[in-house]
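Here it is: the structure, laid out below.
Below, chains carry the letters A, B, ... as their sequence lines are ordered, and counting in each starts from 1.
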Number of protein chains: 2
Amino acid sequence: MRIGELAKVTDTPARSLRYYEEQDLIIPRRLPNGYREYDEYLINRVNQIRGLIDSGLPTKIIRQILPCVDKSPAIHPGDATPELLAVLEEQRDRMTQRIDCLTRNREAISNYIDVVSETITASTDTGAA
Amino acid sequence: MRIGELAKVTDTPARSLRYYEEQDLIIPRRLPNGYREYDEYLINRVNQIRGLIDSGLPTKIIRQILPCVDKSPAIHPGDATPELLAVLEEQRDRMTQRIDCLTRNREAISNYIDVVSETITASTDTGAA
DNA sequence: TCAATGGTTGACACTAGTGTGAAGGTCAAA
DNA sequence: TTTGACCTTCACACTAGTGTCAACCATTGA
């Protein structure tokens, strides 16, 4: 598929797809006319990337963890240096922190929503101002 | 406490604290000489803010959800408009998405780390190249 | 053949958050 | 009283990710 279709199915601006390529997150093949050609399995990867960016990870980090997370083509734990291992462990821990922070705050928001909803419902029911 | 101490205990650049103030996330009192004066309870709030920023939330959103999440001074569900409620629900859902994405990827990384660690251990044990 | 559509690169601009430095005020200690 | 640490505002710059536009090439269909 070409960039327009990938953009459509992943709901991602083509501009971003080119940027991800520039950051070596996705390397599409090229058609004879120079057009980018994307394989099906890259749909998942794009969604993966977008989710991680939205969760605060910079592309530089995503590039490092992507091969470990990517299920599509060959997984290659062959070139795993101790340095990469250290990076991965650090990122795993940072992700844990993010998850905890988000979870705490989501619970608080949910609580708040529940309380407020009840209040609104009650005041509506009783006709109170 | 003044900005320097708050910066130290929260491990946050004073520059950022001033920026958060500019974004109406934290409004310190002012001493007679113009210095910023922060209450103890703001330590938590700073950590909250940093965690959320690190998790991908922009300050504009944080400003909206902070009153609902903040446990320190008075919680005021009084001024909860339906619009705010909608914002909160949307953010709650986006946070759920982030949590899911981070969780999935963290698991994948953990898995990878385990596999690679075993490989390294094994090759070390057997003396294999 | 010409228009429409979609692809290419390149450049400039913008927001968010932070780094950094200038120029200056405050205050405690020597 | 002067030094030094800490504070103030202002401003410029930088990275990351994206928007947007210009100028141009490719493919398709009327």
Between P of C/dG7 and CD of A/E21, the distance in whole Å: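 Whole-Å distance recorded here is 13 Å.
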field: Distance in angstrom units between B/I49 CD1 and C/dT18 C1', rounded
entry: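 From B/I49 CD1 to C/dT18 C1': 15 Å.
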query: Is any side-chain N or O of B/S16 closer than 4.0 Å to OP1 or OP2 of C/dT18?
result: yes
Selected nucleotide, minimal atom distance to B/P13 side chain, candidates C/dG19, D/dG19, C/dT9: C/dG19
query: Would one find a side-chain N or O of B/Y19 under 4.0 angstrom from OP1 or OP2 of C/dG17?
result: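 Yes, because at least one side-chain N or O of B/Y19 sits under 4.0 Å from OP1 or OP2 of C/dG17.
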task: Report the distance from atom CD of A/Q23 to atom P of D/dG17, rounded to the nearest whole Å.
output: 6 Å
field: First of A/R2 and B/K8 reached from the 5' end of DNA chain D, by closest nucleotide
entry: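 First, find each residue's nearest nucleotide; the 5'-ward one identifies B/K8.
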- request: Examine A/L102 and A/I61 and state if one hydrophobic cluster contains both, with Ile, Leu, Val, Met, Phe, Trp and Tyr joined whenever side-chain heavy atoms are less than 4.5 Å apart.
  value: yes
- prompt: Starting at CD of A/E22 and ending at C1' of D/dT18, how long is that distance when rounded to a whole Å?
  reply: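 Rounding to the nearest Å, CD of A/E22 and C1' of D/dT18 are 12 Å apart.
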task: Examine the side chains of B/S55 and B/R98 and answer whether a donor and an acceptor come within less than 3.5 Å of each other.
output: no
message: Considering every strand and a 4.0 Å limit on heavy-atom distances, what is the contact class for A/R36: base, sugar-phosphate, or nothing?
response: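 Sugar-phosphate: the residue A/R36, judged by heavy atoms under 4.0 Å, touches backbone atoms but no base.
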- prompt: Are B/R18 and C/dT18 close enough that a side-chain N or O sits under 4.0 Å from OP1 or OP2?
  reply: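 For C/dT18, neither OP1 nor OP2 has a side-chain N or O of B/R18 closer than 4.0 Å.
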- request: With B/E21 as reference, evaluate B/R15, B/R29, B/R36 under the salt bridge (charged side-chain N to carboxylate O under 4.0 Å, His left out) test and give the passing residue.
  value: B/R36
field: Rounded interatomic separation in angstrom, taking NZ from B/K60 and P from C/dT15
entry: 10 Å
- prompt: Does a nitrogen or oxygen in the side chain of A/N33 sit under 4.0 Å from OP1 or OP2 of D/dT27?
  reply: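 Indeed, a polar side-chain atom of A/N33 lies that close.
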query: CG of B/D24 versus P of C/dA16: gap in Å, rounded?
result: 13 Å
query: Does the side chain of B/Y20 get closer than 4.0 angstrom to OP1 or OP2 of C/dT18 through an N or O atom?
result: yes
field: Given D/dA11, C/dG25, C/dC12, the nucleotide with the shortest approach to the side chain of A/R15
entry: C/dC12
- request: Enter the distance from B/R50:CZ to B/L17:CG here, rounded to the nearest 0.5 Å.
  value: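 Answer for the CZ-CG pair, B/R50 versus B/L17, is 8.0 Å.
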query: Any side-chain N or O of B/T59 less than 4.0 Å from the OP1 or OP2 oxygen of C/dG17?
result: yes
- request: Give the rounded distance in Å between these two atoms: CD1 of A/I62 and C1' of D/dG17.
  value: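 After rounding, the gap between these two atoms is 11 Å.
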query: Under 4.0 angstrom, heavy atoms only, what part of the nucleic acid is A/I3 near: base, sugar-phosphate, or nothing?
result: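 The residue A/I3 makes sugar-phosphate contact but no base contact.
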query: Hey, what do you get for CD1 (A/I26) to CZ (A/R18), rounding to the nearest 0.5 Å?
result: 13.0 Å
- prompt: Could you give the CE-to-P distance, from A/M1 to C/dG7, as a whole number of Å?
  reply: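 Value for this atom pair: 11 Å.
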